Amino acid sequence: MLKDITIGQYFPGHSVLHRLDPRMKILLTIGYIVMLFTVSNPLGLGVGILFLIFAYAISKIPPKMITKSLKPVIPIIIFTTLLNMFFVKGDPLVDWWIFHISRQGLLTAVVMTIRIICLIAGTSLLTYTTSPITLTDGLERLMKPLKKIHFPVHELSMMMTIALRFIPTLIEETDKIMNAQKARGADLESGGVIQRAKALVPILIPLFVSAFRRADELALAMECRCYRGDVGRTRMKQLHYSWQDGVAAAVTVLCIGMVVVVNIFAPVVF
Amino acid sequence: MEPILSARDVSFAYDNYEEKQLPPIVLDDISLDIQPGEFVAVLGHNGSGKSTLAKHFNAILLPTAGTVYVNGINTKEEDRLYDIRQSAGMVFQNPDNQLVATIVEEDVAFALENLGVPPEEIRRRVDESLKAVGMYEYREHSPHQLSGGQKQRVAIAGIIAMRPKCIVLDEPTAMLDPQGRKEVLQTIRQLGGQFGITVVLITHYMDEAAQSGRVVVVDNGKVILDGPPRQVFSHVELLKSVGLDVPQATELAWLLRQDGYNLPDDILFEEECVQAIEKLLEEHHVSH
Ligand SMILES: Nc1ncnc2c1ncn2[C@@H]1O[C@H](COP(=O)(O)OP(=O)(O)O)[C@@H](O)[C@H]1O
Ligand SMILES: [Mg+2]
């Protein structure tokens, strides 16, 4: 049952987006998000939406994945929409009992909803087209300058790698322990919240014990393979920017440029 | 020839016991020389100190008394630590808990990355090592998609990529099914034959030990027997008294000998046993 959980949302493929350098993808995604939150005009927002549609089209990720990635954030979207709708002051549209909806409120709500949807869809595209490990690699290399201020970049990325490595192992183990406890008559599925939480204790304790033992052995194995942090460490896989990264950057910068121009010259709507 | 691994009067006690209690001695005055190219099996029941000894050959543990030399380097020389670990690689029992990376080839590259080997050289050695253990086709798999035997072979590849002089395997087959055990053992034997790597195999499977060139039996932190398998396994009573078995063929021959049948005392493998019994039956036949 637990095996169905997939970690990360990577969608293996061979599209141009899959092949881009992870560093470039991360940077472009950040650029895109900043752009989303600085647009002040429907035209600019339209450019942002078109850009996203275009990106999804060339990534060959099925569009239904967008709805799937949006599902968990629907409550947040509804909440912000309602908040904006009812609490932004302006020219009243509806004024009934305690409900006051202004024209500005409605507009902000709509724009905010579109922004959040684009934000989620955009970042999901990054994780759909980049394997978690490549993403970790890209992040480590991007954040390298932070080492100068003693930010533990390498350590964090190592932790991330080990977590990714051991999540499937631990999930499998949890499954085994659950079955073992069920075989001993443990009831994991009925009862109230408190009872169910209590039923988790005999699962979590063996899991923790085993995780610590694993950590111990892994540390030993790493030591035996001459691990000493990132002192003098090289990497087998080097990251290289290719012409495709250049094109992707150019397209994105063009888009952002257009939005900036629209922001400056078109009337500020929101 | 200078031994590749050498323990001189090594004693060891774990010092994580409470102060008043005297820590129990785990290794008791062990001296052992292992020559380049040897295939040594180390036998001993649980808790006899095999793993503790193995960790001395990698400078994970340092002797309380005595000295350990790896490839001529004293393991107490801290600034040669990585030379030592590169000379004597180590493979552990649990295949799951020694793979670090999420992709097979990245795991094999791990040690080389730590040692600062240039990328192209890493690539070459990783491919070479994966081919040597027969896991090259799986280079882009993630470890949890592999069987236990395959994971253990990847772990071995990760060590031989360092091009060690010697490899110490601590019960590498203990958690595997018979198929995985066969694969791994075959790989281990290849290490000695094809690559000339010195192999120290800690095991509690007698048939694995029978295939080695030299068997060292450890009991209570002491080496009690050391020699070629035929010679070591001929001490059936002694082995049984320290809680160890002997290979099945040896045991059968021993039991028959106990009953007064005239069988040689250095039988190791089934075929030898069959032949010896056949010969005995023929003689029996002739004499009647
Ligand atoms: N980390 C440790 N701390 C304290 N005692 C230990 C530790 N590891 C092993 N021992 C003890 O040392 C003895 C030998 O253990 P070990 O070398 O693991 O034996 P083997 O591998 O032959 O089963 C055992 O009695 C064990 O309890
Ligand atoms: Mg052991």
Side-chain angles (χ1 to χ4, degrees), chain A residues 2-3 5-8 10 12 14 130-137 140-141 154 157-173 175-176 210-240, chain B residues 51 54-55 57-61 81-103 105-127 139-140 142-145 151 155 158-159 161-162 164 167-168 170:
Chain A
L2 281 172
K3 286 208 182 98
I5 304 176
T6 50
I7 308 303
Y10 179 50
H14 296 281
T130 321
S131 73
I133 197 68
T134 318
L135 205 56
T136 312
D137 244 23
E140 177 178 1
R141 283 171 228 224
H154 167 75
S157 116
M158 199 69 211
M159 276 161 62
M160 190 64 197
T161 309
I162 292 174
L164 288 169
R165 157 73 187 83
F166 277 92
I167 283 167
T169 312
L170 291 178
I171 286 179
E172 211 171 292
E173 182 147 40
D175 231 10
K176 259 189 225 158
S210 132
F212 278 115
R213 205 197 55 233
R214 281 180 196 283
D216 225 26
E217 286 181 20
L218 184 70
L220 187 64
M222 286 169 71
E223 251 185 279
C224 281
R225 290 208 264 160
C226 304
Y227 181 67
R228 50 189 140 165
D230 62 346
V231 186
R233 197 169 142 82
T234 48
R235 300 305 303 274
M236 173 171 71
K237 288 187 184 151
Q238 301 289 311
L239 293 178
H240 295 292
Chain B
S51 300
K55 285 176 191 160
F57 290 139
N58 207 298
I60 295 290
L61 295 175
L81 186 64
Y82 297 102
D83 290 335
I84 293 170
R85 294 202 173 142
Q86 201 181 343
S87 308
M90 193 150 170
V91 175
F92 297 92
Q93 181 176 27
N94 191 327
D96 262 325
N97 299 352
Q98 50 186 324
L99 302 183
V100 187
T102 47
I103 301 168
E105 59 179 10
E106 298 232 356
D107 189 82
V108 177
F110 183 70
L112 300 178
E113 292 180 335
N114 292 334
L115 289 166
V117 176
E120 316 79 58
E121 173 74 9
I122 298 184
R123 182 79 255 175
R124 197 160 46 240
R125 289 212 222 164
V126 165
D127 289 349
R139 63 189 178 281
E140 288 182 350
S142 102
H144 77 271
Q145 298 170 311
K151 280 185 230 179
I159 297 298
M162 287 196 286
I167 178 166
V168 181
D170 191 354

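These figures come from a predicted structure and were not determined experimentally. Naming: A, B, ... by sequence-line order, numbering from 1 per chain.
For A:Thr161, the parts lying under 4.5 angstrom from a heavy atom of chain B are both the backbone and the side chain. Using a 4.5 Å cut-off between heavy atoms, B:Phe92 contacts chain A through its side chain alone, with no backbone atom that close. Interface remark: B:Val91 contributes no atoms to any contact with chain A (heavy atom separation under 4.5 Å).
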For residues 215-222 of chain A, run the donor-acceptor check on the side chains, cut-off 3.5 Å, and write out each pair with its distance to 0.1 Å, sequence neighbours left out.
from     : atom 1 : to      : atom 2 : distance (Å)
A:Glu217 : OE1    : B:Asn97 : ND2    : 3.1

(request) Could you walk me through whether B:Met162 and A:Cys226 pass the side-chain contact (heavy atoms from CB on, under 4.5 Å) test, one step at a time? (result) CA-CA 10 Å; B:Met162 287 196 286; A:Cys226 304; 4.1 Å; yes
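Taking A:Met158, A:Arg214, A:Arg228 one by one and counting their heavy-atom pairs under 4.5 Å with chain B, the maximum is reached by A:Arg228. If you tally non-hydrogen atom pairs under 4.5 Å between each of B:Leu112, B:Val117, B:Asp96, B:Asn58 and chain A, the highest count goes to B:Asp96.
Rounded to the nearest 0.5 angstrom, A:Tyr227 OH and B:Glu113 CD are separated by 11.0 Å. Atoms OG1 and CD1, on B:Thr102 and A:Ile162 in that order, are 11.0 Å from each other to the nearest 0.5 Å. One finds the CD atom of B:Glu106 at 6.0 Å from the CZ atom of A:Arg235 (value rounded to the nearest 0.5 Å). Remark: B:Phe110 CZ to A:Met236 CE distance equals 12.5 Å, nearest 0.5 Å. Rounded to the nearest 0.5 angstrom, B:Glu120 CD and A:Thr234 OG1 are separated by 9.5 Å. B:Ile60 CD1 to A:Glu223 CD: the interatomic distance, rounded to the nearest 0.5 Å, is 4.5 Å.
In terms of the side chain to side chain contact (heavy atoms under 4.5 Å, CB included) criterion, residue partners of B:Asp127 (sequence neighbours excluded) are, by chain and number, B:Arg123, B:Tyr136.
A:Arg225 places a side-chain N or O within 3.5 Å of a backbone atom of B:Asp107 that can act as its donor or acceptor partner.
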